[in-house]
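Numbering of residues begins at 1 and proceeds along the displayed sequence. One-based numbering, in listed order, for ligands and for the atoms of each. Values below: all heavy atoms of this structure, side chains included; hydrogens, waters and symmetry mates excluded.
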Amino acid sequence: MHSKKAISNTAKSCLDRIGAINEKLNAIIYIDKDKVRRSAEEKPSGIPVTIKDNICVKDEPTTCASKILENFKPPYDATVIKKLKDAGFILMGKANMDEFAFGSSCETSCYGPTRNPWDTKRIPGGSSGGSACAVASGEVPMALGSDTGGSIRQPAALSGIVGMKPTYGRVSRYGLIAFASSLDQIGPLAGNVRDAAVLLNAISGYDELDSTSRDVACPDFTKSLENDVRKIKIGVPREYFPEKGLDGEVKGAILESKDILQDLGVELIDIGLPHTEYALSCYYIIAPAEASSNLARFDGDQYGLRKDAKNMIDMHLKTRTAGFGDEAKRRILLGTYSLSSGYYEAYYLKAMKVRTKIKNDFLEAFKKCDVILTPTTPAPAFKIGEKINDPLGMYLSDIFTIPANLAGIPGISIPCGFTKKGLPIGLQLLGKPFDEETLFRVAYAFEQNTEFHKRKPNI
Ligand code: GLN
């Protein structure tokens, strides 16, 4: 009885913490407290988890932090939500995000920005910034996010927690509101590696409702949490340590992490990923192209916002003009342009060819090593407002996370240091397709032999 009581208090203590600090952070944008309390009574040992607002939860608002989906309540659960409910997790509302997951700072949300708990003048990263902040600030022990170009790993790094993007196809995308369907993947954010493994266990697996989900064996990821990394070969790609554009303190922390792993017995190898420099441009053709197509469905006819007008075309125009924010409009324009007749070959098709080269770089490298080690981000968290009018500067935040999405491989970000100002730094580990186990193993060993994950923001 004692343990039951203690655990049911977990959801309750989360509610208390949310009540105390969420107004300051704006991490959670919707929560039905009575429903949480009922669910905690029904499932006394349920683990609380908050959900990024682009994942459909039946009868709860799911808005992608966009005005165009205001008041939208899906009539069904995403597959990951059904799995969490069946496994006894307690859903703790919806987490803030960049509108439609376009962004790296969580500032483009129609609900206003989320703040970084380590320094509330700064961004928590994005687009899963609400999920990352909720975990980092102790509002919840874990959260679901989605990662199209870094949106789990980048906010995890900037908020000082663990975030994993699984292999494309590992987790069902059914009920994830699509951004770029060939890149999107749902994954866990958590305060430590074990919790991330527990959450991935709960959500992964083949799903006939998602034609891109893969029918591969799902191991118990908690079994790979061994504090032994001897003989694991870790590749360090020279392209991820450029002379310019990589913050000195970030670089220092990553190089130290490399040494820590070497002391634990891994074998380090220099590798090259020669097409890395094309990844960002390639992504910013493919992702907006797919986004422009996916966002065509938001026109006032079926979901969310509808602005009345005298005919259908005007209604679509007015609804989309009022409903989408600036970054969403920018992506729709870029994407529509690169898919249009006459430009398709020059942009989209060429980007798809470059994507294959980037993927082949990784497959080649994985003949020599088991894991690839890089910084997660080129710099620590920037200030709110600093890059909002500088889209290219913003896009550069994902320079080290985007290649894994283009290649479809898994990646994890774990805390590996702090700057002098006390801002978290993330270490990224990339793995072979469907080899999340080795990533968890290396991440766990690193975590067990360091103290970074134990430091908590003073909020
Ligand atoms: N920041 C990147 C973008 O704006 C990645 C976003 C994501 O992974 N959802 O597209």
What do you reckon, does Ala287 put a non-hydrogen atom under 4.0 Å from ligand 1? no
Say whether Met394 and ligand 1 are in contact under the criterion: heavy-atom distance to a ligand atom below 4.0 Å. no
Do the ring planes of Tyr337 and Tyr347 sit parallel (below 30°), tilted (30 to 60°) or perpendicular (above 60°)? tilted
Ring-plane angle category for Tyr174 and Tyr76, please: parallel below 30°, perpendicular beyond 60°, tilted otherwise. tilted
N or O pair under 3.5 Å between [X] and ligand 1:
X      : value
Asp147 : no
Gly126 : no
Ser146 : no
Phe102 : no
Phe179 : no
Lys52  : no

Give the atoms of ligand 1, by number and element, whose distance to some non-hydrogen atom of Tyr283 is under 4.0 Å. 2 (C), 3 (C), 5 (C), 6 (C), 10 (O)
Counting each atom of ligand 1 from 1 as listed, which ones have a heavy atom of Gly149 under 4.0 Å away? 5 (C), 7 (C), 8 (O)
Donor-acceptor pair, distance only, cut-off 3.5 Å: does the side chain of [X] make one with the backbone of [Y]?
X      : Y      : answer
Asn22  : Ile28  : yes
Thr376 : Arg153 : no
Asn26  : Gly112 : yes
Asp98  : Ser105 : yes

Identify whether NZ of Lys or CZ of Arg in Arg122 sits under 6.0 Å from the centre of the six-membered ring of Phe382 and within 45° of that ring's axis. no
Gln428 CD to Thr377 OG1 distance, which is reported to the nearest 0.5 Å: 9.5 Å
Classify the contact between Phe100 and ligand 1 as side chain, backbone, both or neither, using a heavy-atom distance cut-off of under 4.0 Å. neither
